[in-house]
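As the structure is a computational prediction, the values presented were derived from the model and not from experiment. Index from 1, following the sequence.
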Amino acid sequence: MSLLLIGLFLFLVGDGFASESTSGTSTGDASPAANTIARTDQVAEGVYALVGETGPRTPENYALNANLGFIVTDDGVVLVDSGAVYALGPLIEQAIAKVTEQPIRWVINLGSQDHRWLGNGYFADRGAEIIALARTVETQKAYTESHLRRLRQVLGDRVAGTEPLTAPEPIAADRAELELGGMAMELIWPGDAHYRGDALLWLPASGVLFAGDLVYLDRILGVWPHSAMPDWRESFQTMEALAPRVIVPGHGEPADLAKAKAETGEYLDWLVTRVQTALADWQPIDEAVTALADAPAFEHLQHFDSWHKRNVNETYLQLEAQ
């Protein structure tokens, strides 16, 4: 895509990201009426979250109903996840340009779902290095075609130009200490979770953790056939041991560890322990789903009514198979 076309594209769509704020809250209107794609929140010095919607994927949000992030260093910007499509790249670039003139030099992929990595190509075309664990890349490749097929159904022509580009030299280790632009960080596989091979990015100096899809806040998490139960629960406990000051979740508002425990950790505990009890009592799956339909501690979370019973059903199937 030429620079002229990118400029025309940005002129036509306007600023797809809400205004940046250094207080942890946006100065832009992030309501659906504002047609924003993500909001820029500063969570520590030089560390920012791009907070996406928690509703459905749409052509208007370029399938970004998740969070990304970026870290400003003296030598360039580290982008944490790249969005689902090539066409989102200019909008991410524009949002970062409101904060710094530094170029995006590195892209770290934390997961295998489309919004974590299928936008890599835009940034690689501009010279950015793509970084990911080998476990993550393996799962990315396994789901590429199904994710692209679903994106075409939702986005239509906005998928144009999107090609699956994984990290060319994936990291074989499960924990990797990185120093990018003079800033120390650690890429960690805590165990499988929403997808197998999901990773965390830990910034020890600031106490910020980019948790990817290990943590859902404000909306209920989704247990899918590709998820790993009870591993996800154990992976959360590994993450918890880091004692982060701020967590940038895969979905929802950045928050502290207490909120992450209340809305993700305790829900995972609830699912595993209640379903294990149902299995121990030889309760059939339909009876278990009905009996566990109420979970008052989590009913405030977005999508509870449509996802909770499905989560119980899938957790049952996975634990029964073990």
Side-chain angles (χ1 to χ4, degrees), residues 1-3 5-20 26 28-41 48-70 77 79-99 104 107-126 128 130 140 143-166 210 212-213 216 219 222 248-253 302:
M1 184 182 294
S2 71
L3 292 176
L5 288 175
I6 290 171
L8 177 61
F9 170 77
L10 292 175
F11 173 78
L12 291 172
V13 303
D15 180 5
F17 286 77
S19 302
E20 179 268 341
S26 171
D29 179 0
S31 67
N35 196 29
T36 55
I37 295 173
R39 188 186 74 236
T40 305
D41 281 1
Y48 299 81
L50 292 171
V51 183
E53 300 175 9
T54 56
R57 299 156 174 262
T58 66
E60 290 73 26
N61 65 23
Y62 292 77
L64 186 66
N65 60 347
N67 297 339
L68 313 178
F70 62 98
V77 172
L79 177 63
V80 184
D81 295 323
S82 59
V85 290
Y86 192 100
L88 181 60
L91 296 181
I92 295 173
E93 203 169 48
Q94 184 181 20
I96 294 174
K98 289 184 175 182
V99 175
I104 299 168
V107 177
I108 297 178
N109 296 155
L110 298 185
S112 307
Q113 198 164 4
D114 47 18
H115 48 239
R116 302 281 157 224
W117 72 283
L118 277 171
N120 284 351
Y122 178 86
F123 302 100
D125 283 352
R126 284 146 186 82
I130 311 300
Q140 287 172 347
Y143 288 96
T144 297
E145 292 307 316
S146 63
H147 287 180
L148 282 172
R149 184 165 55 249
R150 183 173 64 170
L151 285 169
R152 292 185 188 106
Q153 292 170 352
V154 174
L155 300 184
D157 291 345
R158 286 193 168 179
V159 181
T162 304
E163 297 292 339
L165 176 67
T166 59
F210 287 94
D213 290 330
Y216 283 59
R219 59 178 274 191
V248 179
H251 303 265
E253 297 291 326
Q302 187 179 2

*Test log, rule side chain to side chain contact (heavy atoms under 4.5 Å, CB included), inputs H251 and D213*: CA-CA 7 Å; H251 303 265; D213 290 330; 3.1 Å; yes
*By side chain to side chain contact (heavy atoms under 4.5 Å, CB included) - contacts of T54 (at least two apart)*: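 Testing T54 for side chain to side chain contact (heavy atoms under 4.5 Å, CB included), a comparison that skips the adjacent residues, returns R219, Q302.
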Please report the shortest heavy-atom distance between [X] and [Y], naming the atom on each side.
{"X": "G119", "Y": "F123", "answer": "O-CD1, 3.5 Å"}
{"X": "A38", "Y": "L50", "answer": "CB-C, 4.2 Å"}
{"X": "P164", "Y": "T144", "answer": "CB-CG2, 3.5 Å"}
{"X": "Y86", "Y": "A160", "answer": "CB-O, 4.3 Å"}
{"X": "A66", "Y": "R116", "answer": "CB-NH2, 3.7 Å"}
{"X": "L165", "Y": "G121", "answer": "CD2-CA, 4.0 Å"}

*Before giving the answer on side chain to side chain contact (heavy atoms under 4.5 Å, CB included), spell out for L151 and T162 the whole-Å C-alpha distance, their side-chain angles and the decisive distance to 0.1 Å.*
CA-CA 10 Å; L151 285 169; T162 304; 5.5 Å; no
*May I have the step-by-step check of side chain to side chain contact (heavy atoms under 4.5 Å, CB included) for T40 and K98, ending in yes or no?*
CA-CA 10 Å; T40 305; K98 289 184 175 182; over 6 Å; no
*Derivation of the side chain to side chain contact (heavy atoms under 4.5 Å, CB included) call for L88 and H115*: CA-CA 10 Å; L88 181 60; H115 48 239; over 6 Å; no
*Just one of I108, L79, V107 clears the side chain to side chain contact (heavy atoms under 4.5 Å, CB included) bar with I130, so which one?*
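When side chain to side chain contact (heavy atoms under 4.5 Å, CB included) is applied between I130 and each of I108, L79, V107, only V107 qualifies.
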*Anything under 30° is parallel, anything over 60° is perpendicular, the rest tilted; go ahead and classify F70 against Y48.*
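Ring orientation, 0 to 90° scale: parallel.
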*Side chain to side chain, D81 and N109, heavy atoms closer than 4.5 Å*: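 They are in contact (side-chain heavy atoms under 4.5 Å apart), so the answer is yes.
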*All salt bridge (Lys or Arg N to Asp or Glu O under 4.0 Å) counterparts of D114, not counting sequence neighbours*: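 Only R57, R150 meet the salt bridge (Lys or Arg N to Asp or Glu O under 4.0 Å) criterion with D114.
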*Does S82 have any side-chain hydrogen bond (donor to acceptor under 3.5 Å, both in side chains) partners at least two apart in sequence or in another chain, and if so, which?*
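S82: side-chain hydrogen bond (donor to acceptor under 3.5 Å, both in side chains) contacts with N120.
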*Just how far is it from atom CG of N65 to atom CD1 of I37, taken to the nearest 0.5 Å?*
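Taking CG in N65 and CD1 in I37, the distance rounds to 12.0 Å.
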